[in-house]
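Have a look at the structure below before the remarks.
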Amino acid sequence: MATATTIPIKPGRLFIGGKWADAASGKTFSTINPATGEALTTLAEADERDADAAVAAARKAFESGPWPEMSASDRGRLLWRIGDLIDKYNEEVGTLETLDNGKPIFESRQVDMPMVAEVFRYYAGWATKIHGETAPVKGPYLNYTLREPIGVVAAIVPWNFPLLLASWKVAPALAAGNTVVLKPAPWTSLTALRLAEICQEAGLPEGVLNVVTGSTRELGRALVRHAGVDKIAFTGSTATGQEIMRESAATVKRVTLELGGKSANIVFADADLDAAVRGATIGIFYGKGEVCAAGSRLLVEKKIKDEFMQKLVERAKKMHPGDPLDPKTRFGALVSSEQMNKVLGYIEKGKAEGAQLVAGGERAHLGNGKGLFLQPTVFDGVSNEMTIAREEIFGPVLAVIEFTDVEEALRAANNNPYGLAAAVWTRDVAKAHRVARRLQAGTVWINTYNNYDPAAAFGGYKMSGYGRELSMHALEHYTELKSVWVNLS
Ligand code: NAD
């Protein structure tokens, strides 16, 4: 690797009740740089006992101390400060994210971290705007509502946008006055721990944010089963989301689930083809394809298919994996060998089921040869029934499906268990909006792909989950609504 970093990486400890601690077991596990295969540092291996301690600290901070007494505007000020500190430490936090995840430093520093800061500032503004209403009830009564925080929120996040997805949960939870136990994914815990330090520096009272790390699924399970946790805010795979639904039933927890996707990116013959080609490549290769909303099913109208594929394949072949720390790199390393093997397995499955491999499909070797690099991969001649068109690969593998008219495109797009996102490329404005209405997806992009903003709601239809993140709508999932009656007679 050409570039190196001098960012210090400390061994990770648990952040509970405003204090740093080793795991109760004393055990640790390693976190690896996927671009080099080298260990970055060790992290505390939390178990059920540490989950208990973190939940107890969050409960205490929710019920007593400065947090429940704090005015909404002071909470807002704190969140704003956290956002500003994320900006201040952009280089350091962005570098940690890239080292841990393998994503290009361009993405970490210029896309993820600025949005993390914006998410905190966006919800800083909401802190003073969360309020109840009066209802026009019959009789000599006054009825009003109170929007109250739910209590202790367990935020469980995956490894693809580690700090960004944590911010989507932590910021609205805190804006509404909850306390949080954050559990990052085992492979990418470093920025969650750095967030804890930043919150401390911003002046967040102890116990309001707690961070626990662990290498097994048991830690997440302990939080989901814990009677002291009031709400689970989860982003991850659909299989884990289903388990969380089952496990949380015993305590009737509030649950929101942001799950997998297999998003359809539809290119009509009347589209600006060059723009659509760019959109298709960004849609699948941004974030190495480890993006829940990746446009992994590309539906192309038959009339322009040959011309489109020629441009697309040319573009895909020009994209080469590079050192994630190099600012010019746009395509980094996959997150783990487990994920690499899963993606390679799908590539073999695509070939075996008769899809035509037209770009990539192989590992790429660079640097010390131990990095987890894969060539951007494109399959043509895919049918919507093939495994690579039905299942979420979560890697840089594009399945191209041909269609002849709008109805066929819509049938194929909606014929999938997931419903996270979709996109439409056409110059016909009316057609674009008609198709957008009929797509079963929580987000639809028209002549663009992969836009996100704290003000825009994000979430899934069907097996992509329920609840919405970002926007004012997320706040509904972090508050309880109390109805109060007053006898006026
Ligand atoms: P995962 O479900 O394996 O793990 C996600 C998180 O849950 C991790 O922190 C993990 O340790 C924890 N976990 C695992 N088992 C658990 C259990 N039984 N109980 C509680 N917690 C448990 O997912 P992943 O591989 O880390 O992430 C990839 C998945 O996340 C993909 O399916 C992707 O589509 C999805 N994702 C969705 C969105 C969205 O907004 N819809 C965003 C990003 C990623």
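Both counts, for ligands and for their atoms, begin at 1 and track the order of listing.
- Taking R49 as the reference, D47 meet the salt bridge (charged side-chain N to carboxylate O under 4.0 Å, His left out) condition, with sequence neighbours excluded.
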Kindly list each side-chain donor-acceptor pair under 3.5 angstrom involving residues 160-171, sequence neighbours excluded, with atom names and distances?
from	atom 1	to	atom 2	distance (Å)
N160	ND2	E290	O	3.1
S167	OG	L164	O	2.6
K169	NZ	T235	OG1	2.5
K169	NZ	E469	OE1	3.1
K169	NZ	E469	OE2	2.8

Would you be so kind as to tabulate the donor-acceptor pairs closer than 3.5 Å made by side chains of residues 10-22, with sequence neighbours excluded?
from	atom 1	to	atom 2	distance (Å)
K10	NZ	E197	OE2	2.4
R13	NE	D22	OD1	3.1

- side chain to side chain contact (heavy atoms under 4.5 Å, CB included) between E247 and R221, intermediate numbers included: CA-CA 8 Å; E247 289 292 331; R221 285 193 180 116; 5.8 Å; no
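- Listed as neighbours of ligand 1 are I156, V157, P158, W159, N160, L165, K183, P184, A185, P186, R217, G220, R221, V224, F234, T235, G236, S237, T240, E243, I244, E258, L259, G260, C292, E392, F394, L420, F458, each bearing a heavy atom under 4.0 Å from the ligand.
- With salt bridges taken as basic N to acidic carboxylate O contacts below 4.0 Å, one links D87 and R121.
- Looking only at atom types and distance, the side chain of D100 has a donor-acceptor partner in the side chain of T31 under 3.5 Å away.
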